[in-house]
Every structure is written in structure tokens, then in C-alpha cells.
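Structure first, commentary second.
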Amino acid sequence: MLVGLSIRNKLDFIHGTIKKPHEGSPLMRQWQRCNDLVVAWLANSVTKQQIHRTVMYSEYAKDIWRELETRYGKVDGARVFELKRELAHISQGDLDIASYFNKIKQLWDELASISESKCTCGGGVKASPVFDGTE
């Protein structure tokens with residue numbers, strides 16, 4: 001979602017850094033249209049009906065984003081454990097080397113994204129090994 005909003009230059013609407021212009025401003029219609037667009041994207045990206053109902057009446061994109069982040073932006077400890085367990089027990093089996101590496105890389109990337117975005121300890125995350133094809 002963040003990448004999609006960034007591509008469309010709409011991140012400021014969820015961060016609240018683009019303030020709503022005062023009534024009568026020539027920018028008001030444009031701001032409202034962009035905010036409504038982001039609100040629609042956020043509301044339509046939520047798949048569960050119960051979650052959708054909690055955001056569908058919000059007027060501002062930043063309020064929806066804040067609500068979703070507060071409610072669902074926490075690290076899922078069970079998922080972290082599951083990813084680490086998968087990495088510890090993965091084997092090539094009958095996969096070719098490219099498929100095997102892609103599976104490992106997918107697990108590393110998911111684990112890194114969970115850890116990087118939620119870590120508040122200041123220690124950061126160790127980078128996953130990089131395959132450059134020379135080994």
C-alpha cells in the first residue's frame with residue numbers, strides 16, 4: 001500500500017502533512033478529490049467486512065491510516081516464529097537451485113520487512129545474505 005501511495009505521490013495524505021485548505025480556497029476541490037481517492041483506496045484494500053465497516057465512514061485518509069496502523073500495525077509474534085522455523089527447516093528437496101533460493105529469499109524478505117518496520121529497539125536488523133551469482 002505504501003509503495004502504491006508513494007508512486008501516486010499521495011503519502012502526505014496518510015501522514016497528514018498536506019493540510020486541508022480553508023473553505024473557498026481554489027485548492028479545496030483538488031485536495032478533496034485527492035483525499036477521497038486515498039480514502040477509497042484504503043477502504044477498498046481492506047478485505048474483511050468487519051474492518052471495512054470501521055473505516056468506511058471516515059472522512060480523512062490520515063484518520064483511516066492511523067486507525068489501521070494502531071489496530072493492525074503490531075508485529076505478529078506467531079508469524080515471526082513461523083518464518084524462523086521455516087528457515088531453520090527448509091531443504092532443497094527436488095527444487096532446482098533457483099526455486100530453492102527464491103523460496104529462501106522470500107522468507108528472508110518477509111522476516112526483514114516485519115522486523116524492520118516494527119523494531120523500536122534502535123538496533124536495526126541484520127541484512128540477509130545476498131546472492132550475487134559469483135559464489
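We're numbering straight along the sequence, starting at 1.
- Between Gln106 atom CD and Leu87 atom CG the span is 10.0 Å, to the nearest 0.5 Å.
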Let me check something: any side-chain donor-acceptor pairs from residues 31-38 under 3.5 Å, sequence neighbours excluded? List them with distances.
residue, atom, partner, partner atom, Å
Trp31, NE1, Ile18, O, 3.4
Gln32, NE2, Asp36, OD1, 2.8
Asn35, OD1, Ala61, N, 3.1
Asn35, ND2, Glu59, O, 2.8

Only distances under 3.5 Å count here; give the side-chain donor-acceptor pairs of residues 3-10 to other protein atoms, sequence neighbours excluded, each with its distance to 0.1 Å.
residue, atom, partner, partner atom, Å
Arg8, NH1, Gly4, O, 3.1
Lys10, NZ, Arg8, O, 3.4

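- In this structure, Tyr100 has no side chain to side chain donor-acceptor pair (under 3.5 Å) partners at least two apart in sequence or on a different chain.
- At a threshold of 4.5 Å between non-hydrogen side-chain atoms, the residues Leu42 and Ile14 count as touching.
- In this structure, CD1 in Ile90 is found 4.5 Å from CD1 in Ile104, a value given to the nearest 0.5 Å.
- Phe101 and Leu83 fall within the same hydrophobic cluster, where Ile, Leu, Val, Met, Phe, Trp and Tyr residues are linked whenever their side-chain heavy atoms come under 4.5 Å apart, directly or through other members.
- A search for side chain to side chain donor-acceptor pair (under 3.5 Å) contacts involving Glu82 returns Arg79, not counting sequence neighbours.
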Check: residues 92-99 side-chain donor-acceptor pairs under 3.5 Å, at least two apart:
residue, atom, partner, partner atom, Å
Gln92, NE2, Leu95, O, 3.0
Asp96, OD1, Ala98, N, 3.0
Asp96, OD1, Ser99, N, 2.9
Asp96, OD1, Ser99, OG, 3.3
Asp96, OD2, Ser99, OG, 3.2

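- Scored by the salt bridge (Lys or Arg N to Asp or Glu O under 4.0 Å) test, Lys103 finds Glu86 as partners (sequence neighbours excluded).
- Applying the side chain to side chain donor-acceptor pair (under 3.5 Å) rule to Lys20 yields the partners Tyr60; only residues at least two apart in sequence or on another chain are considered.
- For the side chain to side chain contact (heavy atoms under 4.5 Å, CB included) test, residues two or more places apart in sequence or in another chain that qualify with Thr17 are Asp12, His15.
- Between His22 and Met28, the shortest heavy-atom contact is O-CB, 4.3 Å.
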